Amino acid sequence: MMNPLANLANYHIILASNSPRRRELLAGLGIDFEVKVLPDIDESYPQDLPTPQVAGYIAREKAEAYRPMMGDADLVITADTIVVAGDEVMGKPHDADDARRMLMRLSGRTHQVITGVCLATREALRCFSVTTDVTFKPLTDAEISYYVEVYRPYDKAGAYGIQEWIGYIGVTALNGSYFNVMGLPVQRIYSELAKL
């Protein structure tokens, strides 16, 4: 049986992310890839950039950082995930207090998780963003403290992983891609890769 992504046979696919969740999700597509991460890529963005464009902007900047060293067959996948609550863009928390503050802000509300993705070759750059709405029940101080102390979500935008305890007990509704909330909209990536 032929793999639906057989068109990728001529590409050397590189996932430009240290995230174990992104590695696991991309591996689920059944494609071969290598993980390669450049140190110290700037993840800042212009403060006047409209919020829905932030993740895509950062993913594009990451992709541009790889392009000078890419070979002819390389296909680099970059991604950036943000959590948006009202008008606040939440990246990764700085410490436990920041994580608690973020979770208190998400408690009892619906927020957006936006992942920007770029598929880069030497000749072309294909970028897109995927948005998922996530609703949390009102979280107690004890629930927030327990989660932060036990799971230490300092590497996660918005200070939570939906696939962890806080997602099990806290998420009451989801509109969009669950995997996008984990950090990689694999269905959309599959669709884009199939077009190459």
Side-chain angles (χ1 to χ4, degrees), residues 15-29 37 41 43-47 49-63 77-96 98-119 126-139 143-144 147-148 151-193:
L15 175 63
S17 175
N18 272 324
S19 166
R21 291 163 299 285
R22 287 192 180 128
R23 282 198 295 271
E24 175 189 339
L25 290 169
L26 190 60
L29 292 181
V37 181
I41 291 182
E43 294 191 17
S44 63
Y45 55 90
Q47 291 306 304
L49 192 67
T51 301
Q53 296 176 23
V54 169
Y57 176 89
I58 296 171
R60 180 181 292 268
E61 291 296 297
K62 290 178 179 178
I77 301 172
T78 60
D80 190 75
T81 301
I82 60 169
V83 169
V84 180
D87 57 358
E88 181 183 356
V89 175
M90 295 180 175
K92 297 170 185 167
H94 306 297
D95 54 28
D98 197 30
R100 284 189 195 91
R101 179 195 65 78
M102 288 182 181
L103 289 168
M104 286 171 63
R105 180 116 162 79
L106 300 178
S107 174
R109 301 179 58 173
T110 298
H111 62 275
Q112 288 70 48
V113 178
I114 305 172
T115 302
V117 177
C118 282
L119 308 177
R126 182 177 293 185
C127 300
F128 54 88
S129 292
V130 174
T131 301
T132 304
D133 293 329
V134 181
T135 305
F136 269 105
K137 76 174 187 81
L139 299 167
E143 288 166 342
I144 290 172
Y147 177 68
V148 170
Y151 289 86
R152 306 178 60 77
Y154 309 129
D155 64 336
K156 297 174 177 67
Y160 79 92
I162 195 169
Q163 72 282 5
E164 295 178 339
W165 183 84
I166 199 80
Y168 297 168
I169 66 104
V171 174
T172 60
L174 185 109
N175 184 13
S177 167
Y178 172 84
F179 299 113
N180 185 54
V181 183
M182 282 181 68
L184 205 62
V186 283
Q187 189 283 324
R188 178 69 185 275
I189 289 172
Y190 172 84
S191 296
E192 297 293 336
L193 289 174

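Both backbone and side-chain heavy atoms feed into the values below; hydrogens, waters and symmetry mates do not. These numbers were taken from a predicted model, which means no experiment stands behind them.
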Answer whether the closest heavy-atom distance between the side chains of Ile114 and Val54 falls below 4.5 Å.
no
Measure across Pro93 and Ala159 and return the closest heavy-atom pair with its distance rounded to 0.1 Å.
CG-CB, 3.8 Å
Before giving the answer on salt bridge (Lys or Arg N to Asp or Glu O under 4.0 Å), spell out for Lys137 and Glu143 the whole-Å C-alpha distance, their side-chain angles and the decisive distance to 0.1 Å.
CA-CA 11 Å; Lys137 76 174 187 81; Glu143 288 166 342; 2.9 Å; yes
Verify, without hydrogens or angle tests, whether Arg105 (side chain) and Ala85 (backbone) share a donor-acceptor contact under 3.5 angstrom.
yes
Going from CD on Glu61 to SG on Cys127, what distance comes out if it is rounded to the nearest 0.5 angstrom?
10.0 Å
Contact between Leu106 and Tyr160 at the side-chain level, heavy atoms closer than 4.5 Å - yes or no?
yes
Is the backbone N or O of His94 less than 3.5 Å from a side-chain atom of Tyr154, with the two atoms forming a donor-acceptor pair by type?
no
Any side-chain to backbone donor/acceptor pair from Thr132 onto Ser177? Under 3.5 Å, distance only.
yes
Please identify which of these residues, Ile77, Asp80, Thr78, Ile58, meets the side chain to side chain contact (heavy atoms under 4.5 Å, CB included) condition with Cys118.
Thr78
State, to 0.1 Å, how close Ala79 and Gly183 come at their nearest heavy-atom pair, and which atoms those are.
CB-O, 4.5 Å
From NE2 (His111) to CZ (Phe136), nearest 0.5 Å:
5.5 Å
Calculate, to the nearest 0.5 Å, the distance between atoms CD1 and CD belonging to Ile82 and Glu88 respectively.
11.0 Å
Any side-chain donor-acceptor pair under 3.5 Å between Gln53 and Tyr45?
no
So, Arg22 versus Thr81: side-chain donor-acceptor pair below 3.5 Å or not?
yes
When rounded to the nearest 0.5 angstrom, what is the spacing between NZ in Lys156 and CE in Met90?
16.0 Å
Pairing donors with acceptors under 3.5 angstrom, does anything connect the side chains of Thr110 and Asp133?
no
Residue pair Ile162 / Arg21, side-chain heavy-atom distance below 4.5 Å:
no
Nearest 0.5 Å please: distance from the NZ atom of Lys62 over to the CD atom of Glu43.
4.0 Å
4.5 Å side-chain heavy-atom contact, Asp155 and Asn18:
no
Straight-line distance of Phe128 CZ to Arg188 CZ, nearest 0.5 Å
5.5 Å
Ignoring hydrogens and geometry, is there a side-chain-to-backbone donor-acceptor pair from Thr115 to Asn180 under 3.5 Å?
yes
